[in-house]
Amino acid sequence: MVVSAADSLTMKDGSKHPTGFWAEELVVAHQTLLDAGHTVHIATPGGRKPTVDQVSLAAESAGGEERAKGFRDYLAAIDAELSHPLVLADVDPSNYEAVVMPGGHGPMADLYNDADLGRLLVAADRDGKVIAPFCHGPAGLLSAADDGGAFVFAGCRLTVFSNEEELGGGTGENTPWLVEDALKEKGAVIENAAAWTSNVVRDGNLITGQNPQSSEDVAKEVIKALG
């Protein structure tokens, strides 16, 4: 599981917006994969402890105080793992069957142009490994280019946090760039559904989810692919 190590995003107006990973996405995917018997290793750029987006722990964002408390408790339970993630540059893709990438706005600050992630994704895709980013996680796909500089996932069908969701319930008009537009410009075929509803798109070994609501369904599709 590749997680952003960013704790802020520089906005269109130059201000710094606190961010990180979205609690529901990491927690639900992590727990669902573990419950199915899989082993999950967390890796970040530089091996830095990832930062949870505090907004994602608020009751109104998490779907109620009970769910918010559940996310907080789960993150506390895996804090030792989060505090000592693998160094992304040191990860050998041959040791893994899948690369899962939860979102939050963090990937827009670091993973989208991380060369180590790019090499990992190129190798994983070449070997037919499952690649599963969701919400803002697909920003990380932008790091993957072949030897000629071409986007590896051009022509692939995928979904991502939509422009509608970003502008209407994300960081709004001050968002520095829109992940949906960036992927379209690189040649990805975007298949988004209604805002804030679970939507999972699978194209071969690429499994993508649109938003936080898609977290569990993405993990279940990964489990199905691995099975």
Side-chain angles (χ1 to χ4, degrees), residues 1-9 18-45 47-86 88 91 96-111 117 130-140 159-161 165 169-171 179 196-200 207-226:
M1 182 176 284
V2 178
V3 182
S4 168
D7 60 8
S8 68
L9 178 66
T19 190
F21 67 85
W22 198 255
E24 177 179 4
E25 297 169 30
L26 187 150
V27 168
V28 170
H30 192 277
Q31 186 168 30
T32 303
L33 290 165
L34 286 188
D35 287 349
H38 292 288
T39 300
V40 181
H41 292 163
I42 292 172
T44 67
R48 297 186 295 277
K49 181 178 181 178
T51 299
V52 61
D53 189 323
Q54 290 299 315
V55 174
S56 68
L57 294 176
E60 55 270 25
S61 300
E65 180 52 39
E66 185 176 349
R67 276 173 60 81
K69 182 179 185 302
F71 297 154
R72 290 194 294 270
D73 289 347
Y74 193 89
L75 292 174
I78 64 168
D79 184 67
E81 184 179 357
L82 289 169
S83 297
H84 300 93
L86 300 176
L88 186 57
V91 173
Y96 298 92
E97 296 303 322
V99 181
V100 178
M101 298 190 291
H105 285 90
M108 294 177 63
D110 59 0
L111 296 184
L117 176 59
V130 173
I131 297 172
F134 53 107
C135 198
H136 289 84
T159 184
V160 62
F161 198 65
E165 289 165 320
T171 49
V179 183
W196 314 113
T197 62
S198 179
N199 179 39
V200 177
I207 298 168
T208 51
Q210 182 170 326
N211 45 36
Q213 289 79 8
S214 309
S215 302
E216 184 174 3
D217 289 336
V218 167
K220 287 180 175 178
E221 192 65 29
V222 169
I223 291 164
K224 188 187 305 181
L226 293 175

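To the nearest 0.5 Å, the span separating CZ on F21 from OG1 on T44 amounts to 11.0 Å. With rounding to the nearest 0.5 Å, the separation of CG in L26 from CD in Q31 is 11.0 Å. With rounding to the nearest 0.5 angstrom, the CD atom of E165 is 4.5 Å from the CD atom of Q210. Atoms CD and CD, on E65 and E60 in that order, are 9.5 Å from each other to the nearest 0.5 Å. Separation of atoms OG1 (T39) and CG (L34) is listed at 7.5 Å; rounding is to 0.5 Å. In this structure, CD1 in I207 is found 11.5 Å from CG in D217, a value given to the nearest 0.5 Å.
Of all heavy-atom pairs between P102 and P107, the closest is O-CG, 4.0 Å. When every heavy atom of D110 is checked against every heavy atom of A6, the shortest pair comes out as OD2-N, 3.2 Å. The minimum heavy-atom distance between A29 and A219, with the atom names listed, is CA-CB, 4.1 Å. Nearest heavy atoms, P85 versus P50: CG-CD, 4.4 Å. Residues S8 and A109 approach most closely at O-CB, 3.5 Å, considering heavy atoms.
Residues forming a ring pair (Phe, Tyr, Trp, His ring centres under 6.0 Å) with F161 (at least two apart in sequence, or on another chain): H136, W196.
The backbone N or O of T208 sits nowhere less than 3.5 Å from a side-chain atom of T159 that would complete a donor-acceptor pair. Distance alone, capped at 3.5 Å, is enough to place a donor-acceptor pair between the S56 side chain and the A23 backbone.
Between S214 and N211, the side chains place a donor N or O and an acceptor N or O closer than 3.5 Å (distance only, hydrogens not considered).
Look at K224 and E221 and you find a salt bridge, because one of the NZ, NE, NH1 or NH2 atoms lies within 4.0 Å of a carboxylate O, short of that distance.
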